[in-house]
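Written below as structure tokens is the structure these notes are about.
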Amino acid sequence: MSGDHFHNDSQIDSGSRHNDSHKHKDKYKDKEHKHKDHKKDKEREKSKYSNSEHRDSSDKKHRDKDKERLKLKDGSSDKQKDKHREKKKEERVGRGLCYFHIATVLSQLNPLALEEFPFIKSEPENDGFYHSPKHEKSLKRERDDDDAEFKPKKIKTEESEKKAKKRKQEEEVTVLVACVGMLVYILPSLCFFIPFRWEEERYTDGVKWKFLEHKGPVFAPPYEPLPSNVKFYYDGKHMKLSPGAEEVATFFAKMLDHEYTTKDVFRKNFFKDWRKEMTSEEKSKLTDLNKCDFSEMSEYFKAQSEARKAMTKEEKLKIKEENERLLQEYGFCIMDNHKERIANFRIEPPGLFRGRGDHPKMGMLKRRIRPEDIIINCSKDSKYPKPPPGTKWKEVRHDNKVTWLVSWTENIQGSIKYIMLNPSSRIKGEKDWQKYEMARRLKKCVDRIRAQYREDWKSKEMRIRQRAVALYFIDKLALRAGNEKEEGETADTVGCCSLRVEHLTLHQEMDGQEYVVEFDFLGKDSIRYYNKVPVEKRVFKNLQLFMEDKEPEDDLFDRLNTSILNKHLQELMDGLTAKVFRTYNASITLQQQLNELTSSEDNVPAKILSYNRANRAVAILCNHQRAPPKTFEKSMQNLQTKIDAKKEQLADAKRELKSAKADAKVRRDEKSKKAVESKKKAVQRIEEQLMKLEVQATDREENKQIALGTSKLNYLDPRISVAWCKKFGIPIEKIYNKTQREKFAWAIDMAEKDYEF
DNA sequence: CGGGATACTTAGTAGAATTGTT
DNA sequence: AACAATTCTACTAAGTATCCCG
């Protein structure tokens, strides 16, 4: 049940405990001067950069970029303030903070260099590309680990000790490399000792890259007409369809087993769009979808997929190789001297649109995308991708203020789709890092902001009260902002600002608690949010006020929208938006839960259970759900059988041990003593196995409807997990799989065991 | 200010790939 | 080796946020 929000209140409480109470005075002083100082600060900061080559006050974009720089700078100058207090800590810190620290110094000398972190550049490798040392290091580790896996287990422990040593050395080398790398940045600013050819981009004024070359997208395979023996029937009579109409018919036929092909909206939308693809003759004949018989087509596709499964190894291998070839050719691009993996280089194939939830456009035809629909983005001095023979791109442009390589407009909602880089890329990694830094900045001032919105609950102005209550929900319940949506264009879902009166019920008293708000609404992806939350009296009274004289379908916050809210947040903290609260609360919850749940005496599986539980607390907070796996019940049963078997095995082993002991007592010889020892070990081993199974069962049961992946990938500062692994000697592979390790390479290299979010 | 356009992040799921079991 | 169970990956929909224009 998602109603369990034990961590919410404690979150707020311990949050304030964390931030030393003696700071309170400063805090309020801060607040008083905030408005006046804000502008000044900005200007002061700006003037620091005024001698930078890119200064141009007339250009708004430049100002924006300055703002971005400020964000990064802020953290480092705060560090400076805390210098004395932190001094001792610094002595203990390893490489992780070292980056920040040197970064601080660096930013004073050459602020631009800061933007390069943590991707310090190196010499080109033999493949002709530059790789950042960090990535290289992770790759190398992985290779090491892979090797280890092939070795027998006994050797592995000795081996891992050596490996640990080696890693330490490696780490030291990395520090060295880092320092050398930084020197190179410092040098040019000290003298005009210009440069090495690997002098890299300084991303000012929103520039995302200087060089971008790629091969363009891979188009969906062309339509292959059905063999003539697969027939379509209308009103019981065979009818040969034109290729265009046939293709769309196959889309429907492939979905026949799905429940949604029975839905009215789906059928209506499909039929309307299908008719558009028909010849005029077909159009006049085919007037009723209910008379269409797709069953032969459907059977044909089922047979095809069976055949695919039954293919020989060679055939499967051939397909695999072909895929690999495509990946090698189209799956990578070159961005600023780095070869980077592309996330989605295939164009989405045509088909029937199936939105999530009750979508008014379900069943509509998603058009085939042609080269003429495609906009290519690459640098002027690159080799442009070639359109397929006989075709043209819609446009080739060279916009280095965006990160996408290819775009097209989709026909269902008219939105733009993009081809972008993989999460492991520099450009995504840096952004991700930045996101967590922003959340950490919120941590520093969240007490002030909370005090402020609590104050605002009493405001004379309705709009301010609404804003304050909404922000309270966003903070306490990790609700999404809730942008307005066009009615009839999408499923009816809401977020915080778009909540309607019908989505909450107020209970003066419920289950022995006062002032309970019951939430029940569909959020993103039409996932239901259901929660009963006790709130403060003042919030409760405000809600009553907001709901007064309103119809159920009226907006709860009629004086508020996301843009107003975000503007307000911007004033409270530079760069703050509603979604930062989700990131912040998710990450801080993970950290707290990990601290609370992990005990160092536990064995590895038990620690991992603790990790999963901490992760789960976050997933519950963020309402990340999944459909229970189809095989859930069965797999639970299987596990239980295994546990029972193991228990029996344990009982047997114990009995054997007992008799061996008795035997040894009588015989008193070496042999029987040894037998006792080995029986003891056997019992221990079995006990351990049993425990592991039980842990697994608990974990799985608790995880039935909860999806951990989303929070892990998008909300939890990976440095928390890395630090936790280091602290408790858990191999990082147990927490992050290969893809995740690639995505979080920056964090894996940056965070030490004492990292604190 | 409001609405459309744009860019980018966050989300759950289907099916492929891998791993475990018999 | 065959099959089942589990994990991973690709896919793409659905959000957030910001900018620009009238």
Side-chain angles (χ1 to χ4, degrees), chain A residues 60-61 64 67 206 208 258 305 308-309 313 316 319-320 323 327 331 342-349 351 353-357 359 361-362 366 375 377 399 401-404 407 409-410 412-423 427-428 431-432 435 474 480-486 489-491 493-498 522-527 561-567 569-570 575-583 586 619 622-627 629-632 634-636 638-639 642 696 700 705-715 736-740 742:
Chain A
K60 189 161 185 276
K61 293 230 160 133
D64 290 345
K67 229 166 54 188
K208 303 286 172 38
H258 269 110
S305 86
R308 228 173 300 127
K309 274 184 212 153
K313 267 189 190 155
K316 281 183 181 165
I319 292 175
K320 212 177 162 186
N323 276 334
L327 173 68
I342 297 169
N344 55 325
F345 57 91
R346 284 169 212 272
I347 300 276
E348 296 172 17
F353 176 82
R354 174 52 171 120
R356 315 223 170 118
H359 199 116
K361 300 200 170 186
M362 65 168 85
K366 199 166 101 168
I375 302 174
N377 194 31
D399 182 356
K401 301 238 188 356
V402 297
T403 67
W404 53 268
S407 77
T409 302
E410 154 263 12
I412 305 285
Q413 327 258 5
S415 63
I416 308 170
K417 300 260 184 168
Y418 303 94
I419 290 183
M420 290 185 192
L421 296 192
N422 202 58
I427 208 154
K428 295 284 184 192
K431 197 82 186 291
D432 206 33
K435 175 180 77 187
I474 284 171
R480 295 188 186 82
N483 284 317
E484 292 110 301
K485 310 167 70 184
E486 232 176 302
E489 293 291 301
T490 59
T493 61
V494 297
C496 185
C497 295
S498 49
L522 297 182
K524 182 177 180 183
D525 295 305
S526 293
I527 298 290
N561 61 39
T562 52
S563 143
I564 295 171
L565 179 66
N566 279 334
K567 261 188 204 119
L569 292 175
Q570 201 66 233
L576 186 62
T577 62
K579 88 186 184 87
V580 180
F581 282 88
R582 250 166 103 82
T583 313
C622 294
N623 200 38
H624 290 143
Q625 299 189 24
R626 63 165 184 178
K630 287 186 184 72
T631 55
F632 186 84
K634 208 177 140 208
S635 91
M636 238 19 236
N638 287 348
L639 202 53
K642 265 194 203 167
Q696 210 185 346
R700 195 177 297 175
Q705 300 203 46
I706 302 185
L708 300 186
T710 305
S711 49
K712 205 178 199 176
L713 240 43
N714 299 302
Y715 288 104
Y736 291 136
N737 67 31
K738 187 164 153 282
T739 331
Q740 292 165 339
E742 277 166 19

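Per chain, numbering begins at 1; letters A, B, ... match sequence-line order.
In this structure, A:Lys316 NZ and A:Lys309 NZ are separated by 10.0 Å, a value rounded to the nearest 0.5 Å.
Contact annotation for A:Arg356: base contact, defined as any heavy-atom pair under 4.0 Å involving a base atom. Within 4.0 Å of A:Lys642, counting heavy atoms only, lie sugar-phosphate atoms of the nucleic acid but no base atom. Nucleic acid contact for A:Gly482: sugar-phosphate only, since backbone atoms but no base atoms lie under 4.0 Å from a heavy atom of the residue. No engagement by A:Lys316 is indicated, since no non-hydrogen atom pair under 4.0 Å with the nucleic acid exists. Counting non-hydrogen atoms under 4.0 angstrom, A:Asn483 reaches a base of the nucleic acid. Among the atoms of the strands shown, none is found under 4.0 Å from any heavy atom of A:Asp432. Within 4.0 Å (heavy atoms only), A:Ser407 reaches no atom of the nucleic acid at all. Nucleic acid contact class of A:Ala343 (heavy atoms, under 4.0 Å, all strands): none. Within the 4.0 angstrom heavy-atom criterion, only backbone atoms of the sugar-phosphate kind lie near A:Phe353; the bases stay farther away. The residue A:Lys524 sits close to a base: some heavy atom pair falls under 4.0 Å. A:Pro349 comes within 4.0 angstrom of sugar-phosphate atoms only, judged by non-hydrogen atoms across all strands, and of no base. When heavy atoms are screened at a 4.0 angstrom cut-off, A:Ala578 is found touching the sugar-phosphate backbone but no base atom. Using a 4.0 Å heavy-atom criterion, one finds that A:Thr490 contacts no nucleic acid atom at all.
When rounded to the nearest whole Å, the span between NZ of A:Lys567 and P of C:dT18 equals 10 Å. Rounded to a whole Å, the CD atom of A:Glu484 is 15 Å from the P atom of C:dT18. Taking atom CD of residue A:Gln740 and atom P of nucleotide C:dA10, one finds them 13 Å apart after rounding to whole Å. Rounded to whole Å, atom P of C:dA14 lies 8 Å from atom NZ of A:Lys485. Remark: C1' of C:dA10 and CG of A:Leu713 are 13 Å apart, rounded to the nearest angstrom. If you take CG of A:Asp399 and C1' of C:dC19, they are 13 Å apart, rounded to a whole angstrom. Nucleotide C:dT18 holds its C1' atom 14 Å from the CG atom of A:Leu569, rounded to whole Å. Atom-to-atom, CG of A:Asp525 to P of C:dG15 comes out at 6 Å; the value is rounded to the nearest Å.
Ring planes of A:Tyr418 and A:Trp404: tilted class, angle from 30 to 60°.
Taking side-chain N and O atoms only, A:Gln413 has a distance below 4.0 Å to OP1 or OP2 of C:dA14. One finds no side-chain N or O of A:Lys630 lying less than 4.0 angstrom from the OP1 or OP2 phosphate oxygen of C:dA5. Within the structure, a side-chain polar atom (N or O) of A:Asn566 is placed less than 4.0 Å from OP1 or OP2 of C:dA17.
Panel note: side chain A:Asp525, backbone A:Ile527; no donor-acceptor pair is recorded below 3.5 Å. Side-chain atoms of A:Gln625 never come within 3.5 Å of backbone atoms of A:Ile706 as a donor-acceptor pair (strictly under, hydrogens ignored). The closest donor-acceptor contact from the side chain of A:Asn422 to the backbone of A:Lys428 lies at 3.5 Å or more, if one exists at all.
Mapped onto DNA chain C by nearest heavy atom, A:Ser563 and A:Arg700 fall at different nucleotides, with A:Arg700 at the one closer to the 5' end. Position along DNA chain B of the nearest nucleotide to A:Glu486 versus A:Lys428 favours A:Glu486 as the more 5'-ward residue. Annotation: of the two residues near DNA chain C, A:Thr493 and A:Asn638, the 5′-most nearest-nucleotide partner is A:Asn638. Summary of the strand contacts: A:Lys579 and A:Lys320 both lie near DNA chain B, and taking for each the nucleotide with the nearest heavy atom, the more 5' one is attributed to A:Lys579.
Picking from C:dA14, C:dG15, C:dA5 the nucleotide with the shortest atom distance to the side chain of A:Ser635 gives C:dA5.
For the residue pair A:Ser407/A:Lys417, the side-chain donor-acceptor check at 3.5 Å is not satisfied. Checked by atom type, the side-chain pair A:Thr577/A:Asn566 shows no donor-acceptor distance below 3.5 Å.
With respect to A:Lys738 and A:Glu742, a salt bridge is recorded, a charged nitrogen being found less than 4.0 Å from a carboxylate O.
The ring pair (Phe, Tyr, Trp, His ring centres under 6.0 Å) check on A:Phe581 picks up nothing, with sequence neighbours excluded.
Taking a heavy-atom distance under 4.0 Å as the criterion, the stretch of DNA chain B touched by chain A extends 5' to 3' from B:dT6 to B:dT21.
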